[in-house]
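Working notes for the structure below.
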Amino acid sequence: MRTSRFLLSTLKETPADAEIISHQLMLRAGMIRKVAAGIYNWLPLGLRVLRKVENVVRDEMNDAGAQELLMPAVQPAELWQQSGRWEMYGGELLRMNDRHQRDFCYGPTHEEVITSLMSNEIRSYKQLPANFYQIQTKFRDERRPRFGVMRAREFVMKDAYSFHLTQDSLQETYEVMHTAYSNIFSRLGLGFRAVEADTGSIGGNASHEFHVLADSGEDAIAVCDKHQYAANVELAEALAIRGERPTANADLSKVETPDKHSIDEVAEFLNVASTDTVKTLLVVGEEHEVVALVLRGDHELNELKAEKHPLVKAPLTWASDEQINAVAGCSAGSIGTVELSVPVIADRSAANLADFVCGANEDGFHYTGVNWARDCAEPEVFDLRKVQAGDLCARADATSAANDDDVLSITRGIEVGHIFQLGTKYSEAMNATCLDQNGKAAVMPMGCYGIGVSRIVAAAIEQNHDERGIIWPTAMAPFQLVITPIGYNKSDEVKQACDRLYAELKDLGIDVLLDDRNERPGIMFADADLMGIPHRVVIGAKSLQNQQVEYKKRGAESAQDLPIENITAWLDTEIRG
RNA sequence: CGGGGUGUAGCGCAGUCUGGUAGCGCAUCUGGUUUGGGACCAGAGGGUCGGGGGUUCGAAUCCCUCCACCCCGACCA
């Protein structure tokens, strides 16, 4: 491609509404343009990258035995009514009517369509297992689209759905997909991590998310390399502190804590560590009006975990000030476990404390030297808190001596893939059965496997950029190499050398960009760096006199001079290995 | 959906408080000088000041209303 024939729409200044670096750089490099909130045009440069990602995904999916098909973006309401999601799905489902006022939606996902389709096409267990995928545009009417294509309303997704006779077969395909996903992200040159994930409302047996690691990621991931454990912090299990609960030592004592409400204020005032305090949170209960959740002072509540307790009403709802006053007789900052007449659920590490500090259920007072069993009832113990960096890994041997590499670290990630074992939720609803060996109809268990193709583009930039712009991994680069002439329109020698190299590289099948604009070198360098083209060759009259050209890898410290003689072969090796 | 904010040329902004008929930088076009890290000179084009309504002799500016977009909280590829 020649720049004179290509829509280069680079911007010197950053558009004001772009907040994160990938969004800024995609706009500045001329990859995307906004049409409406969360809806984007992909310009030729951006589409090149998107297609590269799609092709890697397609290649690996095909290798893993999946078959590509294409389903419609617009789907009839009837299918969604069968699965029950027409009512359940809420505002994210973009609904519309056709000219006959029939209900349709723009597909946010395709379980309904594929299950309906395969309930007709798959007749016999001999056709199983089968895995189908598509790369297609989805629409989810997000409450708050943001970060460009990272969280868009319209986006490109690869979604796959597998059908099975048995759970074992589903498990097998699930593992094949796990491997395929790892291959995809490796080939794309991304630093990533597969993590255990919440199965959420869909249920099912297993679920993994694939995260591209980046500081700007919206998700926090707890990782332990030693035990190869990685989980979304929404899910990551928090173990109790090592060892048994110490025996009670101190006497229960009520102390004045005027105007001290937060844990930090109380701990400082009483001159104790926050790890020797507990906080008592009142939330709306399932059977009781309120229940108490007790955490160690320095810990944070994990709301998803709390919702899983049968006594806690989901979604988690905080008790009102009136309810708190009715139950505890004080305001929120002074609630404690002593003489509290509601069910008490304590986090493991809170339950392991002795001689701790808590509120006295009277404004302005706390208790010190509080002990379970002696001063208040033994609590029900439950994993309630968010894991923190430094916590013991859930797979570590809790009885062994403390060891630095047994602990979790927290990193941030961008979710780019999610694999699920769906079970029979959809196949039952849509009556997707096939005949088994005995000629009996069997409901087919299903798996589903998603990759956010357009999100990968943004995630790759979050992970690979510098102050000059994008640094594409080779597999995703819109162009693999740019030829930057110095004086293309002035010197025939330069022009000929550039044209020749361009033609030779093109013949080798390399995506090469020749910058034949009549621009100053600084502009061409800046644009090439901004667009993130991995390899650059500069050809000017001076270096040609020495039979040399200059080569620089994007992101490298400095350039090197190379003989022009074997430059094509040398570059081919450098680019394709 | 709740809370906060912003809409002025393709992009970044000033002008709004205190009403007087729209400006700066970048980009674009023409001519010239330049040519190894976003050049310089001269000229040019480009604006329903988010939309509608009102107040006024006069509205980007004041008032009402609608809309769009952005940011902070619960969801997801």
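The structure presented is a predicted model; accordingly, all values stated were derived computationally and were not measured. Order of the sequence lines fixes the chain letters, A, B, ..., with proteins taken first and strands second; residue numbering starts at 1 for each chain.
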Report task. Give A:Gly417 one of three labels, base, sugar-phosphate or nothing, depending on what nucleic acid heavy atoms sit under 4.0 Å from its own. Result -> sugar-phosphate
Query raised in the report: If you pin A:Arg517 and A:Glu209 to their nearest nucleotides in RNA chain B, which one's is more 5'?
Result: A:Arg517
Requested in this report: Rounded to the nearest angstrom, tell me the gap between atom CZ in A:Arg143 and atom P in B:rG3.
Outcome: 16 Å
Query raised in the report: For A:Lys490, which contact category applies under a 4.0 Å heavy-atom criterion: base, sugar-phosphate, or nothing?
Result: base
Query raised in the report: Which is true for A:Glu218 with a 4.0 Å heavy-atom rule: it touches a base, it touches only sugar-phosphate, or it touches nothing?
Result: nothing
Requested in this report: Using a 4.0 Å heavy-atom cut-off across all strands, classify A:Thr14 as base, sugar-phosphate, or nothing.
Outcome: sugar-phosphate
Query raised in the report: Between the base of B:rG3 and the side chain of A:Arg144, is there a donor-acceptor distance below 3.5 Å?
Result: no
Requested in this report: Could you tell me whether A:Asp529 contacts a base, only the sugar-phosphate backbone, or nothing, with contacts defined as non-hydrogen atoms closer than 4.0 Å?
Outcome: base
Query raised in the report: When only distance counts, do a donor and an acceptor, one from the side chain of A:Asp17 and one from the base of B:rC11, lie under 3.5 Å apart?
Result: no
Report summary line: Atom CE of A:Met150 and atom P of B:rC75 are separated, to the nearest Å, by 19 Å
Query raised in the report: When the distance from CZ of A:Arg33 to C1' of B:rC11 is rounded to whole Å, what number comes out?
Result: 9 Å
Query raised in the report: In whole Å, what is the span from the CD atom of A:Glu111 to the C1' atom of B:rC76?
Result: 13 Å
Report task. Using a 4.0 Å heavy-atom cut-off across all strands, classify A:Asn489 as base, sugar-phosphate, or nothing. Result -> nothing
Report task. Could you check which nucleotide pairs with B:rC40 in any of the strands shown, counting Watson-Crick or G-U wobble with both distances under 3.5 Å? Result -> B:rG32
Query raised in the report: Within this structure, what is the NE2-to-C1' distance between A:His211 and B:rA77, rounded to whole angstrom?
Result: 11 Å
Report task. Tell me whether the OP1 or OP2 atom of B:rA39 has a side-chain N or O from A:Arg520 closer than 4.0 Å. Result -> yes
Query raised in the report: Only one of A:Lys305, A:Arg385, A:Lys279, A:Lys386 forms a salt bridge (charged side-chain N to carboxylate O under 4.0 Å, His left out) with A:Asp347, so which one is it?
Result: A:Arg385
Query raised in the report: In terms of ring plane angle, is the pair A:Tyr89 and A:Trp80 parallel, tilted or perpendicular, where the classes change at 30° and 60°?
Result: perpendicular
Report task. Kindly indicate whether a cation-pi arrangement holds for A:Arg51 with A:Trp42, taking the cut-offs as under 6.0 Å to the six-membered ring centre and within 45° of the axis. Result -> no
Requested in this report: Pick base, sugar-phosphate or nothing for A:Val156, based on heavy-atom distances below 4.0 Å to the nucleic acid.
Outcome: nothing
Report task. Quick one: label A:Ala152 by what it contacts on the DNA or RNA (base, sugar-phosphate, nothing), any heavy atom closer than 4.0 Å. Result -> base
Query raised in the report: Side chain of A:Arg536, base of B:rG37: donor and acceptor closer than 3.5 Å?
Result: yes
Query raised in the report: Between B:rG12 and B:rG38, how far is it from one C1' atom to the other, in whole Å?
Result: 15 Å
Query - Gap between atoms CD and C1', on A:Glu462 and B:rA77 respectively (whole Å) - result: 16 Å
Query raised in the report: With a 3.5 Å cut-off and just heavy-atom distances, do the side chain of A:Glu550 and the base of B:rG36 make a donor-acceptor pair?
Result: yes
